[in-house]
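Right, one structure below, let's go through it.
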Amino acid sequence: MLPDLTPVKDALRTALGEADEAERPGLERALAIVEEFASADQAATQDWARKTLAVAGVDPVAQEVKAVRALRQARHGLGLKEAVDLVKSLNAGDS
């Protein structure tokens, strides 16, 4: 999992708002790259989480706490908030 890229996106948007016409294309491209990268990482992380929970036999909707625990056991260093957010994002996609 990547660190949260929101501050990077916010900084690029701020720079874009202050940029002259010569700088705009480069900043727009940089912002698009960061957004694509973050989106691809999120999709890959959710795919990993779904597979991990399926192997563990844990339903993230019915067993949220067990799902968080299973993800943290499968990926040491995964923080509690990250795991909770990941389970919530899986559940939001299932509704």
Side-chain angles (χ1 to χ4, degrees):
M1 286 179 55
L2 289 176
D4 182 13
L5 295 176
T6 302
V8 175
K9 290 189 270 185
D10 290 345
L12 285 169
R13 286 186 186 106
T14 299
L16 191 56
E18 299 168 355
D20 61 36
E21 289 304 311
E23 296 174 315
R24 289 187 68 77
L27 289 169
E28 288 170 346
R29 180 68 181 126
L31 181 57
I33 290 169
V34 171
E35 288 176 341
E36 288 170 22
F37 194 74
S39 178
D41 181 67
Q42 181 179 7
T45 300
Q46 287 180 335
D47 187 48
W48 166 82
R50 277 188 206 92
K51 289 177 183 176
T52 299
L53 295 175
V55 168
V58 177
D59 177 357
V61 175
Q63 302 169 300
E64 287 186 19
V65 173
K66 284 186 179 184
V68 169
R69 188 178 316 124
L71 293 178
R72 293 189 72 207
Q73 288 173 345
R75 183 174 285 166
H76 297 289
L78 181 63
L80 179 60
K81 182 179 181 334
E82 292 171 307
V84 169
D85 290 346
L86 183 52
V87 169
K88 285 182 180 180
S89 74
L90 292 177
N91 290 345
D94 289 340
S95 52

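Values below: all heavy atoms of this structure, side chains included; hydrogens, waters and symmetry mates excluded.
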side-chain contact (heavy atoms from CB on, under 4.5 Å) partners for [X], two or more places apart:
| X | answer |
| --- | --- |
| A19 | E23, R24, L27 |
| A32 | R29, E36 |
| Q73 | R69 |

Check your understanding: Do you know which two heavy atoms are closest between G77 and E82, and how far apart they sit?
Key -> O-OE1, 4.1 Å

**Study point:** Closest approach of R50 to L90 (non-hydrogen atoms, all atoms of both residues)
**Key:** CG-CD2, 3.7 Å

Under 3.5 Å, which donor-acceptor pairs link side chains of residues 52-60 to any protein atom two or more places apart or in another chain?
from	atom 1	to	atom 2	distance (Å)
T52	OG1	W48	O	2.8
T52	OG1	W48	NE1	3.2
D59	OD1	V61	N	2.9

With sequence neighbours excluded, what pairs up with [X] under the side chain to side chain donor-acceptor pair (under 3.5 Å) test?
| X | answer |
| --- | --- |
| E64 | N91 |
| K66 | none |
| Q63 | none |

Exercise for review: Mind jotting down which residue pairs meet the salt bridge (Lys or Arg N to Asp or Glu O under 4.0 Å) criterion with at least one end in residues 6-18? Sequence neighbours excluded, please.
Suggested key: D10-R13, R13-E35

Point to revise | Co-membership, hydrophobic cluster, residues V87 and V65, 4.5 Å side-chain | key: no

Point to revise | Hydrophobic cluster membership, V8 vs I33, 4.5 Å side-chain cutoff | key: no

Exercise for review: Check whether any side-chain heavy atom of R75 sits under 4.5 Å from a side-chain heavy atom of L71, and report yes or no.
Suggested key: no

